[in-house]
Amino acid sequence: MPAKTPDEKSILASIRVPIAVTILLASFVFAMSASTRPSLSYTAVVFLLGVSIIAIIMGATIQGHFFLASPVGIMALYLLAFTGIPALTEFDSLSDSASVLSGYFIVGSAKTPVVLALFVATYCAGALLSPQKCRNFNDITFNNQPASLGLSNSAVVRLGRVALVVVGGYFTLTAITRDVSSRGVGQVIYNPTASLGVAMLIVGFGSTIVLLQSSASYSSLLASRWEWFLVLWPAVAHAATGARHYAAGVVIVIGVYAILRGRLRLKSFVVWLSSIVALNWAVEIYRSGESFSLGGVGALWDSLLRTTESVRGTTAVVVSLVPQVHPFYGGSTIISSVGQVIPRPLIRIFVPDGTYGTGSYAFREVTGFDDPNQGFGFSLPAEGYLNWGVAGVAIAGFGVGCLSAILWKRLTIELTVASGSLYLMFAGYFTFMIRADFLSLLKWLVYGFIYFALVISVGRRAFNRNSRYLSQPKSGELTARNSSHAREFRP
C-alpha cells in the first residue's frame, strides 16, 4: 500500500517551529536596527506587521476549524487590529504627541510604533508553536482522555451554579451602592474589599467555564436556560458598574468554547463579534454619561481602539523616559511579581508601608505620578521595555505567545484536570490582560488553576462518596460491582 502523501496542513505543522524562530529573530533584528536608525522605523513596522500576518495565515492553515479559537486566531487578530495596525498611524502624530505628565515633557518617539509592532510579531511567533489539535473532530477531548475520570458531574455543576449566584449578587450590590462616576477612585489603595472584587472576577470566570465544560455531553453549550441566566447575570451586573472586561471576557469564552464544540456557524459568529463590539461601545457610553447614539461606524471603531489606548500610551511614555531619565529595571519587576503572587492584604500584614516593585508601580516611579485616584493602566509591552528595552519587548511578546501555546496544548473540552481549563481562562481575559502588568497575568492564571483544582477535588470527593454508597450490599438489590467506573450525569 503506497504511503499517504502529506497534505499542506501537515507540512506546515512540521516546520512551524523553525518558522516561528525565524520570525522571532528577524523581528528582533529589524526592531533593533530601527531603534538606532529612526529612518528605518516605518519600514520596520511594515515588516513586523507583515510577518505577523504570515504567521496568522500559517496558523489558520494548520488549525483548520479551530483557528479562531487557537492562540494564533482571535487573540493574534486582536493584537494585530488594535495594537499593530494603529502603530502605523502613530507616525502621523509624532510631531503632535508631546504632553506633560507629572512635570515631564514627553515627546513622541519613532521607536514607539516599532516597539508595539514588535510585540505583535513576537506574540504571533510564539503562538505559532501551538500544536495541531483534534485531528479527529469527533473526539470529545483533545487529549483523547477517557470519558470517566472519577468526577461527580452533578456536584461540580451545583458548585458552579452556587458560585455564580454569589458572584452575581456581589456585582449587583456593587452596582446599586456605587455610582458609576466614582469608578477609578482610589486605584492604588488596596484593601480586602478590592481583593474580594478581584476574587469574584476569578470565581465568576471560572464558574462559567465549569458549567460550559460540564455540559460537553449535551448538544447545547449549557444545559438549561437557568444556567444561561446564571452566566449572564454577573456579566450584566458588572457592566452596570462601568467596567467591561468581565462581560466581554465571558462573551469571548462562550464564543471560543462554541468554536471548539463546533457550535459556532457563520451567522452565530457574526452575532458573537457584533455583541462584543456593542458591549464595548455601550459600556463606554454608559460610564461617560452621554446619550446613546450610534454615531456611525467610526465611533464604534474609535471605542474599540480606546480599549488598547493605555497599551499605546504607557508604552510611549516608557520609551520616552527609559533609559533617558530612568535606567532599565533589568527584570526586577518580573522577580517582584513572582514574590507577590499571594494576596496583597497578606503582604501588607508583613510590610504595611512597603512599596511594591511590580510593573505598574515602577511605571508610577518612572513618571513620578502619585495621584491615587487616577491611573493609566499599564501594558505588557511597556513592562518588557521597562526591564530590557527592545529585547524585553521581544521576550514579553514571545513569552506570552508560548504561554498561550502551552495552555492550548493542555486544553480539554471536558472538565478533567485543572490545567485543561486554563486556556479558556487565558483567552477570555486576554484582551484586558495585555493592558495590565506581569503580576496581573500571573495571578489570573495561578488563582484560576487553584479554583479549578478545588472544583475538581469537590467533584472527585462526591464521586468517591457515591461509589462507596453504591458498593454497599442492600437487601433485595444487586451490589454495584462496577460502581468505580460509573459517572454521574445530570438528568
Side-chain angles (χ1 to χ4, degrees), residues 31 35 41 45 48-49 78-120 123 183-184 187-188 242-245 280 283-284 287-288 301-326 329 333 358-387 389-390 392-393 396-397 400 430-441:
S35 65
S41 296
V45 170
L48 292 171
L49 297 184
Y78 175 81
L79 281 180
L80 179 65
F82 301 113
T83 301
I85 293 179
L88 288 173
T89 64
E90 296 291 332
F91 290 99
D92 299 329
S93 58
L94 287 178
S95 59
D96 302 323
S97 60
S99 61
V100 176
L101 178 61
S102 188
Y104 288 110
F105 188 67
I106 309 302
V107 181
S109 170
K111 189 188 294 187
T112 301
V114 177
V115 167
L116 293 172
L118 176 62
F119 182 82
V120 177
Y123 169 81
R183 178 183 174 272
Q187 291 190 39
V188 296
R244 54 193 169 189
H245 50 281
N280 181 81
V283 172
E284 184 171 312
R287 70 188 188 195
S288 66
W301 180 256
D302 289 341
S303 70
L304 286 175
L305 285 178
R306 279 191 288 272
T307 63
T308 55
E309 190 173 36
S310 63
V311 177
R312 300 190 298 275
T314 55
T315 302
V317 171
V318 170
V319 170
S320 298
L321 295 179
V322 179
Q324 295 87 340
V325 176
H326 195 285
Y329 278 75
T333 67
T358 60
S360 58
Y361 275 88
F363 178 73
R364 288 179 173 267
E365 181 181 7
V366 167
T367 59
F369 193 85
D370 57 1
D371 184 355
N373 295 325
Q374 183 177 355
F376 299 94
F378 200 50
S379 66
L380 294 179
E383 184 163 4
Y385 191 91
L386 195 65
N387 283 283
V390 174
V393 178
V400 174
F430 178 83
T431 57
F432 290 88
M433 196 180 294
I434 63 169
R435 298 168 51 190
D437 56 7
F438 179 72
L439 176 61
S440 299
L441 168 62

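Tested against Thr83, the residues Leu79, Ile85, Leu80 include a single side chain to side chain contact (heavy atoms under 4.5 Å, CB included) partner, Leu79.
When the ring-ring contact (aromatic ring centres under 6.0 Å, His included) test is applied to Tyr123, the partners found at least two apart in sequence or on another chain are Phe430. For Ser35, there are no side chain to side chain donor-acceptor pair (under 3.5 Å) partners at least two apart in sequence or on another chain.
Smallest separation of non-hydrogen atoms from Ser320 and Gln324: O-OE1, 3.5 Å. Summarising the geometry of Val115 relative to Tyr385, their closest heavy-atom pair is CG2-CD1, 4.1 Å, with the distance given to 0.1 Å. Summarising the geometry of Ala362 relative to Thr333, their closest heavy-atom pair is CB-CG2, 3.9 Å, with the distance given to 0.1 Å. Ala396 approaches Gly384 most closely through the heavy-atom pair CB-CA, 4.3 Å. Of all non-hydrogen atoms in Pro381 and Val393, the two that sit nearest each other are O-CG2, 3.6 Å.
Inter-residue side-chain proximity for Phe378 and Leu386 is flagged as met; some heavy-atom pair is nearer than 4.5 Å.
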Chi angles and distances behind the side-chain contact (heavy atoms from CB on, under 4.5 Å) call for Leu321, Thr367: CA-CA 8 Å; Leu321 295 179; Thr367 59; 4.0 Å; yes

I would like to know whether Val366 and Val318 meet side-chain contact (heavy atoms from CB on, under 4.5 Å); could you show each step before the answer? CA-CA 8 Å; Val366 167; Val318 170; 5.8 Å; no

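Between the side chain of Arg312 and the backbone N or O of Phe82, at least one donor-acceptor pair lies under 3.5 Å.
Ring geometry for Tyr329 versus His326: interplanar angle under 30°, hence parallel rather than tilted (30 to 60°).
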